[in-house]
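Below: the structure, in structure tokens.
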Amino acid sequence: MKKRSSPSLDAPQPLDPAVFHAALLKWYKRHARDLPWRGVDDPYATWLSEIMLQQTRVATVIERYQEFLLRFPTIRALAEANEDDVLALWSGLGYYRRARMLHRAAQFVTRELKGKLPRTAEELRTLPGVGDYTSAAIASIAYGESVAVVDGNVERVLLRVLGRPEDKGAATRALIQETAQSLIPPQPVRRTRANPCGDHNQAMMELGATICTPRSPLCLQCPVLELCQTRGEHITGERTQMQSRTVAHLLVRRRRGTREEVLLSRRPEDASLMPNMLELPPLPIDAVEGLEPVLRVRHSITNTNYYVMIFAERIAGLPPQTEDLSDEIALVTDETVTHAVSDLSKLDPEDIPFVAETPGEDDELSLLSAIPTAQTDMFWFPATRLPALAITGLTRKVLQRLGVMQIPKPVRRVP
DNA sequence: AAACCGTGGCT
DNA sequence: TAGCCAAGGTT
């Protein structure tokens with residue numbers, strides 16, 4: 001057996017683009033992960049995957065991508081949906097502005113571009129929610145344009161290859177951009193099925209995600225180790241310091257006939273954080289002092305760690321409605337949130353029946369009255385409809401953990 | 001141009 | 001009840 005050469009510990013070779021992309025592509029062919037959006041010949045699907053992947057882990061996107069495509073299979077279907085339904089499909093993914101901008105962009109493409117997605121990075125860049133990275137990603141992956149993507153992975157890989165520290169300055173950004181573009185392989189002379197640029201871009205990101213990781217990179221498995229000036233972690237800048245806050249939310253349930261209902265409040269339209277989304281009603285923190293929550297969860301939002309306490313109470317049930325719309329609503333699974341809201345009773349503070357089902361627990365039934373109803377509108381929803389609503393990720397997490405909302409069945413991948 | 005926008009998993 | 005940060009874009 002021939003002795004295999006061990007990874008060279010010699011001084012790094014100069015960065016030769018042909019050597020680099022040959023080594024990278026060879027590695028990629030062997031190690032590329034089988035992701036649902038790979039090998040899909042639909043630019044809309046590529047677009048959707050790139051939006052979902054913005055600042056979001058691959059594992060998280062895998063769970064949501066298929067479901068979204070099944071519900072909105074085309075740009076036109078997405079354009080014709082209402083925003084609440086789009087947000088419901090996005091619920092839990094975070095950065096909800098992405099969903100709103102994707103929705104608006106789909107409407108723009110449908111109305112102004114005859115349903116045709118632009119084919120170049122330059123034109124794609126004009127769509128809402130599509131910036132430098134995403135426009136290059138769609139153009140190269142879906143249309144084979146020779147344009148380099150620069151995301152967090154590519155930036156880290158190139159800084160390490162070049163032996164540079166992290167630096168937000170314009171000069172370093174330009175250097176990264178130029179280096180990335182210089183490594184793009186030449187286009188095939190004739191039109192073929194092959195997409196060297198799209199593959200190269202994905203390979204760069206794959207390398208950063210699986211080998212050239214932020215901490216503890218696996219340099220001995222790196223296909224371009226011999227071209228790398230760093231071979232390990234590079235110098236990074238300071239991170240903004242995290243904050244901590246304690247908040248409380250209330251889970252209120254009632255029975256209407258045989259149906260279980262949950263009270264949710266809609267966040268203000270002008271809220272900076274998750275506007276218009278539904279959530280468990282927030283409780284003033286001083287209303288729960290000394291009380292023990294039924295659940296504690298940590299929930300980080302950007303640079304704030306929220307330490308969340310959940311309190312729960314049940315209020316007396318109501319008889320089934322005389323004109324019972326409830327079954328209809330529960331059965332029509334793709335009805336909109338708007339319909340659901342208008343068909344359901346809005347909470348009228350005067351009508352809250354403060355009657356304990358279990359006598360002698362009056363203390364715990366005071367929490368609903370602690371909610372300042374003036375600034376939030378609250379609605380009752382059947383528990384069965386919760387998966388179809390635009391609820392915040394925190395509310396989704398809590399409702400699942402408390403068994404109020406069933407975990408939606410994962411969508412099977414279509415072969 | 002620095003700050004903001006969500007969430008989950010890993011260490 | 002700590003910190004990091006991911007296939008970024010917008011303001």
Side-chain angles (χ1 to χ4, degrees), chain A residues 32-33 35-38 46-65 87 90-102 104-105 124-138 140-141 148-157 166 168-170 173 180 198 200-210 212-216 233 236-247 267 271-275 277 279 285 293 296-309 390-398 400-401:
Chain A
R33 293 169 291 181
L35 303 177
W37 47 89
R38 290 208 169 135
T46 303
W47 177 23
L48 174 67
S49 72
E50 291 302 339
I51 300 294
M52 280 194 170
L53 285 163
Q54 287 171 7
Q55 297 288 285
T56 307
R57 294 175 186 286
V58 165
T60 304
V61 174
I62 286 176
E63 295 175 10
R64 306 306 209 83
Y65 166 80
L87 288 173
W90 210 269
S91 168
L93 272 176
Y95 289 126
Y96 298 99
R97 195 166 48 187
R98 292 182 298 173
R100 295 192 166 93
M101 289 188 295
L102 176 66
R104 276 181 233 141
L124 287 161
R125 178 73 177 76
T126 66
L127 297 176
V130 178
D132 290 335
Y133 163 77
T134 306
S135 58
I138 300 171
S140 62
I141 295 169
V149 302
V150 177
D151 74 330
N153 289 309
V154 175
E155 176 182 334
R156 182 175 59 256
V157 168
E166 182 179 87
K168 301 296 181 190
R173 270 214 317 283
H200 173 91
N201 280 335
Q202 293 188 75
M204 287 290 286
M205 295 189 281
E206 190 98 349
L207 184 67
T210 63
C212 195
T213 50
R215 282 168 296 179
S216 307
E233 296 178 7
T236 56
E238 297 291 313
R239 300 296 183 255
T240 57
Q241 201 179 329
M242 295 208 73
Q243 313 274 317
S244 287
R245 283 188 56 193
T246 301
V247 297
R267 295 178 58 82
S272 69
L273 205 62
M274 300 170 282
M277 302 282 288
E279 67 179 356
I285 195 66
R296 292 175 186 271
V297 295
R298 191 185 77 152
H299 194 72
S300 316
I301 291 184
T302 58
N303 70 332
T304 303
N305 275 333
Y306 289 90
Y307 293 94
V308 184
M309 296 183 289
I391 56 180
T392 67
L394 170 60
T395 295
R396 172 176 290 257
K397 180 161 71 180
V398 167
Q400 285 181 352
R401 214 170 284 188

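The model shown is predicted, which means the values in this text are computed figures rather than measured ones. Computed from heavy atoms alone, side chains included, the values below leave out hydrogens, waters and symmetry copies. In what follows, chains carry the letters A, B, and so on, assigned in the order in which the sequence lines appear, proteins first and then strands, with residues in each chain numbered from 1.
- Across Ala180(A) and Val154(A), no two heavy atoms sit closer than the pair CB-CG1, 4.3 Å.
- In this model, no donor atom of one side chain and acceptor atom of the other lie less than 3.5 Å apart for Tyr133(A) and Gln54(A).
- Heavy atoms of other residues, nucleotides or ligands lying less than 6.0 angstrom from CZ of Arg33(A) number more than 12.
- DNA chain B is contacted by both Lys168(A) and Thr56(A); Lys168(A) maps to the nucleotide lying nearer its 5′ end (nearest heavy atom per residue).
- Within 4.0 Å (heavy atoms only), Arg97(A) reaches at least one base atom of the nucleic acid.
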Would Met309(A) and Thr246(A) satisfy side-chain contact (heavy atoms from CB on, under 4.5 Å), going step by step from the backbone distance to the final call?
CA-CA 8 Å; Met309(A) 296 183 289; Thr246(A) 301; 3.9 Å; yes

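- Counting only distance, with no hydrogens or angles, the side chain of Ser49(A) and the backbone of Trp47(A) share no donor-acceptor pair below 3.5 Å.
- Counting heavy atoms from C-beta on, the side chains of Asn153(A) and Leu207(A) never come closer than 4.5 Å.
- Contact of the Tyr65(A) side chain with the Leu35(A) side chain is not registered, since no non-hydrogen atoms from C-beta on lie closer than 4.5 Å.
- Contact annotation for Arg296(A): base contact, defined as any heavy-atom pair under 4.0 Å involving a base atom.
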Detail all sub-3.5 Å separations between protein N/O atoms and N/O atoms belonging to nucleotides 7-11 of chain B.
unit_1: dT7(B); atom_1: OP1; unit_2: Tyr96(A); atom_2: OH; d: 2.7
unit_1: dT7(B); atom_1: OP1; unit_2: Gly393(A); atom_2: N; d: 2.4
unit_1: dT7(B); atom_1: OP2; unit_2: His299(A); atom_2: NE2; d: 2.8
unit_1: dG8(B); atom_1: OP2; unit_2: Lys397(A); atom_2: NZ; d: 3.4
unit_1: dG8(B); atom_1: N2; unit_2: Arg57(A); atom_2: NE; d: 2.9
unit_1: dG8(B); atom_1: N2; unit_2: Arg57(A); atom_2: NH2; d: 2.5
unit_1: dG9(B); atom_1: O6; unit_2: Arg298(A); atom_2: NH2; d: 3.4

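- Put simply, CE on Met242(A) is 14 Å from C1' on dC4(B), counting in whole angstrom units.
- The nearest whole Å value for the distance from the CD atom in Gln243(A) to the P atom in dC5(B) is 13 Å.
- Whole-Å rounding puts the Gln54(A) CD to dC4(B) C1' distance at 15 Å.
- Taking the C1' atoms as reference points, dA1(B) lies 16 Å from dG8(C), given to the whole Å.
- Counting any heavy atom pair closer than 4.0 Å across all strands shown, Ala209(A) reaches sugar-phosphate atoms only and no base atom.
- Residues Arg298(A) and Asn305(A) are in side-chain contact: their nearest non-hydrogen atoms beyond the backbone lie under 4.5 Å apart.
- Side-chain contact between Arg100(A) and Leu87(A): present, with at least one pair of heavy atoms (C-beta onward) separated by less than 4.5 Å.
- Side-chain contact check for Ile51(A) versus Trp90(A): some heavy-atom pair is nearer than 4.5 Å.
- Taking atom P in both dG3(C) and dG6(B), the straight-line distance is 23 Å, to the nearest Å.
- A distance of about 14 Å separates the C1' atoms of dA6(C) and dC5(B), rounded to the whole Å.
- Looking at heavy atoms from C-beta onward, Arg38(A) lies in side-chain contact with Gln202(A) at the 4.5 angstrom threshold.
- Arg125(A) is listed as a side-chain neighbour of Asp132(A), based on a closest heavy-atom distance under 4.5 Å.
- Nearer to the 5' terminus of DNA chain C, by closest-nucleotide assignment, is the contact made by Arg33(A) (compared with the other of Gly129(A) and Arg33(A)).
- Taking a 4.0 Å limit (strictly below) on heavy-atom distances, residues 131-138 of chain A reaches DNA chain C at Gly131(A), Asp132(A), Tyr133(A), Thr134(A).
- The nucleotide range of DNA chain C contacted by chain A, defined by atoms under 4.0 angstrom from heavy atoms of the protein and reported 5' to 3', is dT1(C) to dT10(C).
- One P atom belongs to dA7(C), the other to dA2(B), and the distance between them is 24 Å to the nearest Å.
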